[in-house]
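The model shown is predicted, which means the values in this text are computed figures rather than measured ones. Convention: sequence-line order gives letters A, B, ...; per-chain numbering from 1.
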Amino acid sequence: MIVTDHDEPRDAGRIPAGLPADASLRRVPLACNEELLMLIVPLPDGNDGESAPNPVRITETVTAWAAEVDPRDFTSLPVITVPLYGCHVVWKPGQAAVVGPVSRLELLTTALSDFASCEGELRQLEQRCVDLVATVEEDAPHAFEFEGRAVSRRGTLASRFREAVAVRGRLAVLAPAAHAPPVHPPTLASQLGERLRDRTRLAERHEFAVDRAELAERLYEACGQRISEFGIAQRQMALEWAIVVLLVIQTALLVVDLLSRGAAT
Amino acid sequence: MSHAAAPRQASIDVLRAVAIVLMVVVHFVENLSGWYDGGSGPFEGVHRVWWLPTGFAAPIFALLSGMSYRLWLGVQTQRGLSDETISKRTVRRGLFLIGLGFAFNVLVWLPEDIFNWDILTLIGVGLLVLDVARRMPDWVVGMAAVLIIFVSPAMRVAVDYTAYWQAGYFDYDFTLTDVLLGWLVVGYFPIFPWLAFPLLGHAFAAWLFDGNRSGRLRHIAASGVAGIATALAITATWDALPAVLTGEGGRGWTMFPASTAYCLGTAGTVTLMVAILHQLLDGRRDDWGWLLDWATPLSRHALSMYLLHHVVHVWPLWVWGAVATGETTALWQVAMPPAASLVLAAGFLIGAAFFFHCVDRRRIPSTESLMRWLCD
C-alpha cells in the first residue's frame, strides 16, 4: 500500500512534510505476522546542485517521524539510525525509513524487511519466554512431586510444556538468522543487516531467550515426567485396590459359607 | 446422618429431610399399627403401591451418609488437616455411631435386640469402611458397591436367610455365629448389601461436587436411570433368574431382605433425585428459602430425630403394654388404627420441626454436637 498524500496532518501513518514529492509509505507484511510501516525517500543518483534535496534535513525529518510515539506502542523503544554509504536507514519496531539513491532502495528495503521479520519474531518469542518464566516459580513444586490435588492443573502444565517446546523450536529456527556470520565480500544489504543486528543486540537477546526457554522446557518436561509417573502409579494402585476388593468379597463369601455350615451343624 | 462442618448442600438437606419424614411415618405406622385388627386396616399388606415410598428412607440415609462424608472430607482437607487426623476423626465418628446404635437397640428395642443391626450400626461401619474407600479410585469404590449388591443374594442362599426371620422380624440366637451372620447378611441392615449405599454415595459425590457441572450431572443422571432400568429388568425377569442371583426371602422388590432390584432401584432413584435437586437447589438457596428453612433443621438434626422419634413412640408403647397386659411388647404393631398412628406421626413431625428450630436458635446441645465434641 502506498500513501502519497502530503497535506494530511503529521503522524506515523502519513508522510511527513518537507520530503521530496516521490517519497512513499509502504506497509510491508512481515513473516512474523506483523506489519512494517516503511517510509521510502528516494534521492537522485547524481548531484543536481541547488535543486537537490538536503540529505541531512531529510534524515532529520525521517528520524523525527520514526521517533514519534505510536499511541499503540507502549514500549517506546529507541530509534536506531544507520548511515551507510550515502544512505540512511531509520528503524524501530513496526516502523522504518530508508533514505538513499533510487538504485539502492530495493536492496535496502529487502534487507530491512528481512531483519524486521527476524527481530519481530524474536521480540514475540521473548514475550512468550517472559510469560513462561513468570509461571516457573508457581509450577516448580510439581517438577519435584506431583500430588493428587494438582490433577486439575495437569492440562495447564501440559499446555505450558507444549508452549515451551514450541518457543524453543522457533528459537532454534531463528538461530541462523540471529547469529548470521559476516558475509564476505560484504554487500550493502549484508552490512545493513549486520549493523542492525548489532545495534539491536539480536544475538545476545536470542541467547537470553534460549536460556529462558530451556529453563521452562526443563521444568515442564520434569513436570510431565512426574505427571506420567503419577498416572502410572494411580493406574497400578487402582488395579491393586480392585484386586483387594475382590479378595475381600471372596473372603466375606468364604466366611459366610463357613459360618452357615457352623450354624447348620 | 448429619456430619457438621461440611458445606451445606441444599439438595442433600432437602433429601435428608424427606428421608426423616418418611422414616418417622413408616416407624409410627408400622410399630403402632402394622398388624392392627389382624392386618386388615388401610395398611393391609404394607407393600401397597402408595406405601412404597417409605422403603426409600433407609437407602436415602445410607447413600447420603457417603455423600456427606465426601463433603466433610473436602472441608477437612481444605483446613489442612493431616491424613492421620482425618482418619482418627472418621474412625471415632464411626465407633460413636456403632456404640450409639448398640445403646439405642438396648434402650429402645430392649436388651434382647442389641444385635439386630440397625441403620446406625450400618452407617457407623460404613464410616469405618469409607476411611479406607476414600483412598481408592472412585471407580473401584463403585465396583465394590456393585459387587456387594450382586453377591448378597448368594450369601442369603448360603445362610438360609428365611430361617432367621420369624413373623416379619429378625430372630436370632445369642451365638457368635448368628451375631456375625446378622451383621454380615441376615440382620435388618447387614453390610451385604447395605454397605453398597454409603459406597455409592461416596463415589457419586465425587462426580456431583467435583469437576465439570454439566458432565457430572449427565453421569449421575445416567447412573440413576441405569440403576432403575436394571431393577425393572430384574423384577420383570424374576421367575427366570437362578436363586443364586435372587436370593431367599421374598420376590422382586423387598426391603427385608434388600433384594438386588430394591438396592439398584432405590440407589438409582435416590441418585437421580440428588442430580435433579442439585440442579434445582444448589447454589440457589435464596430462591428456595422457605423450603430450606423447613428442611435444614430436620436435616441437620436427622440423627437426633431418628433417636427421638423412636423414644417418643416406642417407650410409651412398652409402658402401655406392660401396664395393660403385663407383657412389655404386647401392643407392638397392634396398639391403634393406622389413621391414628399417622396423626401421631404428623404431630410429632410438626413438634419436632419447631423443637429443632429452637435447638438451632438457642444453640442447645444435640446428638450431632455431642458427636462433634467427642470425635473431632
Side-chain angles (χ1 to χ4, degrees), chain A residues 135 137-162 223-265, chain B residues 73-74 77-78 80 83 125 129 132-161 163-164 172-173 175-187 190-193 195-196 199 203 206 210-212 244 247-248:
Chain A
T135 61
E137 198 169 336
E138 178 193 356
D139 294 333
H142 302 310
F144 179 73
E145 187 178 24
F146 191 78
E147 294 177 339
R149 70 186 69 173
V151 166
S152 59
R153 295 188 52 77
R154 195 169 163 166
T156 309
L157 293 172
S159 69
R160 283 178 185 164
F161 175 67
R162 285 195 294 274
C223 287
Q225 284 171 356
R226 297 292 166 272
I227 291 170
S228 174
E229 288 164 6
F230 178 79
I232 292 167
Q234 287 291 100
R235 281 193 288 277
Q236 284 177 346
M237 194 181 72
L239 189 63
E240 286 163 10
W241 275 118
I243 292 167
V244 167
V245 165
L246 288 171
L247 288 174
V248 168
I249 300 272
Q250 188 187 16
T251 307
L253 276 166
L254 188 66
V255 168
V256 167
D257 190 43
L258 288 172
L259 287 172
S260 64
R261 284 165 199 258
T265 55
Chain B
L73 208 57
T77 311
Q78 277 176 4
D83 193 63
V125 171
V129 174
V132 179
R134 72 188 173 90
R135 295 169 170 84
M136 297 182 190
D138 293 320
W139 71 266
V140 177
V141 178
M143 183 196 81
V146 173
L147 274 175
I148 286 171
I149 290 173
F150 279 96
V151 301
S152 296
M155 288 185 169
R156 289 198 290 272
V157 171
V159 302
D160 189 14
Y161 180 90
Y164 289 89
Y172 66 98
D173 296 329
T175 62
L176 182 62
T177 302
D178 277 14
V179 169
L180 280 177
L181 283 177
W183 177 61
L184 281 169
V185 190
V186 294
I191 62 171
F192 285 92
L195 189 61
L199 292 177
D210 306 337
N212 176 270
V244 75
E248 288 196 2

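Among all heavy-atom pairs drawn from A:Met237 and B:Arg135, the shortest one is CE-O, 3.6 Å.
For A:Val255, the part sitting under 4.5 Å from any heavy atom of chain B is the side chain, from C-beta outward, and nothing else. If you measure heavy-atom distances from B:Val159 to chain A, the contacts under 4.5 Å come from both the backbone and the side chain. Residue B:Met136 touches chain A through both its backbone and its side chain, counting heavy-atom pairs closer than 4.5 Å. If you measure heavy-atom distances from B:Ile148 to chain A, the contacts under 4.5 Å come from both the backbone and the side chain.
In this structure, CG in B:Leu147 is found 6.0 Å from CG in A:Leu246, a value given to the nearest 0.5 Å. A:Ser260 contributes atom OG, which lies 7.0 Å from atom CG of B:Leu181 (distance to the nearest 0.5 angstrom). How far CG of A:Leu253 is from CG of B:Leu184: 10.0 Å, rounded to the nearest 0.5 Å. Taking CE from B:Met155 and CG from A:Asp257, the interatomic distance works out to 9.5 Å, rounded to the nearest 0.5 Å.
Shown here is A:Arg154, whose CZ atom has no more than 12 heavy atoms of other residues, nucleotides or ligands within 6.0 Å. A 6.0 Å sphere centred on CD of A:Glu147 holds more than 12 heavy atoms belonging to other residues, nucleotides or ligands. Other residues, nucleotides and ligands place no more than 12 heavy atoms under 6.0 Å from the CD atom of A:Gln250.
Using a 4.5 Å heavy-atom cutoff, the side chains of B:Phe150 and A:Ile249 are not in contact.
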